[in-house]
2 protein chains.
Amino acid sequence: MSDRSRKTIKDVAAAAGVSIGTASRALNRTGRVSEATVIRVTKAAQKLGYQPDAIAQSLRLKSTKVVGMLVTDLSNPFFAGVIRAAEKRLQQAGYALLVGNTDNEKARERFLIDLFQRRRVDGLIAGPCESEDAEMLEELDRGGLPVIGFDRDFGAGQSGLHVDHRRAAFEATRHLLNLGHERIALLSSSSTLSPGRERIAGYAAALEERGIALNNALIRAHKSSMEFVASEALSLMSLRPAPTAFLCLGTRMLAGTLQGLRQNGLSVPDDVSVLTVGDTDLARLYAPSISAVTWDLESVGQMLAELMLRRLEEGESESEPRRIMIPTQFIDRESCAPPGHRPET
Amino acid sequence: MSDRSRKTIKDVAAAAGVSIGTASRALNRTGRVSEATVIRVTKAAQKLGYQPDAIAQSLRLKSTKVVGMLVTDLSNPFFAGVIRAAEKRLQQAGYALLVGNTDNEKARERFLIDLFQRRRVDGLIAGPCESEDAEMLEELDRGGLPVIGFDRDFGAGQSGLHVDHRRAAFEATRHLLNLGHERIALLSSSSTLSPGRERIAGYAAALEERGIALNNALIRAHKSSMEFVASEALSLMSLRPAPTAFLCLGTRMLAGTLQGLRQNGLSVPDDVSVLTVGDTDLARLYAPSISAVTWDLESVGQMLAELMLRRLEEGESESEPRRIMIPTQFIDRESCAPPGHRPET
DNA sequence: TTGTAGGCGTTATCAC
DNA sequence: GTGATAACGCCTACAA
């Protein structure tokens, strides 16, 4: 099966004693071909180990059967799980998935979109990015490249999927409020990306519902290393009055917070309650286990693929855009208790 | 920029008033072209927003500038980190990375290899899989498709990269032995994949060095859910004499073990020591933090890409296969103590 | 039912 | 230096 001896449909046709046109029709079962030649051609193809050249097919059919996907970071488990599920579903439908990391940089996003276009992907799934480049993607979509947004702002005419981050943060905050907390610190890695913004909005809405004023001193929203988050957590704890609960938006925030609290001998939930939006092994298995808001990565990936496939298979029939909102679940574990559970030191 | 109006080199040539051949040469700066026409053509291309069609180029040049990568599970953080780094490096060299999940199934591996071949990938990075299908990959390689193995058995003539799992487990085990442990339980998700086999071998070698007989009752090597691992851990603890330390091979094993111990009120490291091969947030941040053997995912990915690029750019010059062994580092944290640290209950 | 031929968008090999 | 022209491998009218 050396590269040189790669069999083409020409070889198959020759081996079966038919023209290449007939061979093609027999292999693809398109057009009128006698059953006898179908068998003959198929056998010849099998014997030769013929594999149709997807590149040539793409050129001819104007479809690569590839969809591109843009994420900020493929190694982030929240994306990895989604990618995995999306790839699986797309593969069932005969599509491959080409993934690109934007690293949350506008320039890289541009570069990748360009790359995907040159590679003639059939569609594009666009995850969150600092450059909420709605118009650009909308233009692509109108230009004939189906775009599905994922946790990202996009134009009115576009299809997409959102995890309900706002409600997630709302419910988490309300849970803390119900326990009696009023000074709830918020740690977020971003206030500009759609998920971050939505979560902060949900937090604010829950406070407002109780008539508690938003205290900006309690909010820390910027990307930072785990070590820095740890020191942020400590600096928050040194406020007077100190927060009685931490709402961590994302794994890194949770990890940093736990580290910071632990370094300072603060115990959860006795000294302070902790709650996270986005569930991970760490939250599940930490001692104490951390209450979390979670959602199903697999169904997110699957739905994304589904949205894309629908667009792809509808062809030109510009159907109305579909939007999907993925619900979240609150999981109560051991990390939350009423404030003042233990007298302050 | 609608699909219909996608500009081809023909449009560029027309706009610049030259033939398509000249346009091509000007754009690619190949062959003799006057500086004046280069400028004219370039400007025309820019104005039209011309993007060369990578598919047509692939067909013509017989190179897709795509490399395929096979992993058991893209959402496993140990793979995700590697993939991310490999993709980055390959992209710098103008290659895209197409990833496929084998789910550790032979049939899926076959399917994906077939898919990658039809898509005419320029090379293949093959991660571990239950089917250590050395001959098949070797044949592919000889047939002209560069194959780089990753933590996987492969033929003598092939290039590849291995993390030094054997040494990792050896050192971890030796650390426990040095603390005085003699009954060390081993939890592994697999004894058939290359990494699992190597680790078990490293464990065995360390015991042998001390003249301690291998006790199969202490070894549990099969894939299983976290819950099952937890019950495995407990069943191990009910042995008499009970193990005094756990060596966990992989995140899931660690997570299950910690959960099991915790459910039973066993404390680390007072009742039992715990050590993991493969570092994660969970190990770093658990209380107590878990000693671990780690390695650099990024350099693994980068080296894999490097190996591939070298093969790709050497062309036909069948250079001798290169092998790389990635070293590991032992990180001592809080989860290990001498046995009998606290009198048994 | 089957064969022939044109073309998808490029690049490379020729002549000029 | 530049312009035709022939592939690359495949599918699909159109003709037979």
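All chains are named by letter (A, B, ...) in the order of the sequence lines, taking the proteins before the strands, and each is independently numbered beginning at 1.
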Check your understanding: Do the charged groups of A:Glu109 and A:Arg152 touch, with an N to O distance under 4.0 Å?
Key -> yes
Practice item. Could you tell me whether B:Glu130 and B:Lys106 have a side-chain N and a carboxylate O separated by less than 4.0 Å? Key: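 Answer for the salt bridge query: no.
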Check your understanding: Do the side chains of B:Phe111 and A:Gln91 get nearer than 4.5 Å, heavy atoms only?
Key -> yes
Contact class for [X] vs. all strands (heavy atom < 4.0 Å): base, sugar-phosphate, or nothing?
X: B:Leu61; value: sugar-phosphate
X: A:Ile9; value: sugar-phosphate
X: B:Thr8; value: sugar-phosphate

Rounded distance in Å - [atom1] ([X]) to [atom2] ([N]):
X: A:Arg29; N: C:dT1; atom1: CZ; atom2: P; answer: 13 Å
X: B:Leu27; N: C:dA12; atom1: CG; atom2: P; answer: 13 Å
X: B:Arg118; N: D:dC8; atom1: CZ; atom2: P; answer: 22 Å
X: A:Arg32; N: D:dA15; atom1: CZ; atom2: P; answer: 16 Å
X: B:Gln57; N: C:dC8; atom1: CD; atom2: P; answer: 17 Å
X: A:Arg120; N: C:dT10; atom1: CZ; atom2: C1'; answer: 11 Å
X: B:Leu59; N: D:dA7; atom1: CG; atom2: P; answer: 14 Å
X: A:Lys10; N: C:dG3; atom1: NZ; atom2: P; answer: 15 Å

Review point. To the nearest 0.5 Å, what is the distance between OH (A:Tyr50) and CG (A:Leu27)?
Key: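 These two atoms lie 6.0 Å from each other.
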For [N], take OP1 and OP2 only and decide whether either is under 4.0 Å from a side-chain N or O of [X].
X: A:Thr22; N: C:dG3; result: yes
X: A:Thr37; N: C:dT2; result: yes
X: A:Ser34; N: C:dT2; result: yes
X: B:Lys62; N: C:dT10; result: no

Check your understanding: If each of B:Ile20 and A:Lys7 is mapped to the nucleotide of DNA chain D with the nearest heavy atom, which maps nearer the 5' terminus, i.e. the 5' end?
Key ->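 Looking at DNA chain D, the more 5' nearest nucleotide goes with B:Ile20.
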Practice item. Select from B:Ala56 and B:Arg40 the residue whose nearest nucleotide in DNA chain D is closer to the 5' end of that strand. Key: B:Arg40
**Study point:** Nucleotide nearest A:Pro52 (side chain, heavy atoms from C-beta), chosen from D:dC10, C:dT10, C:dG9
**Key:**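 Closest nucleotide among those given: D:dC10.
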Practice item. Using only heavy-atom distances, decide whether a donor-acceptor pair under 3.5 angstrom links the side-chain of B:Arg25 to the base of D:dG3. Key: yes
Review point. Considering the options B:Val41, B:Val12, B:Val33, which one meets the side-chain contact (heavy atoms from CB on, under 4.5 Å) requirement together with B:Val18?
Key: B:Val41
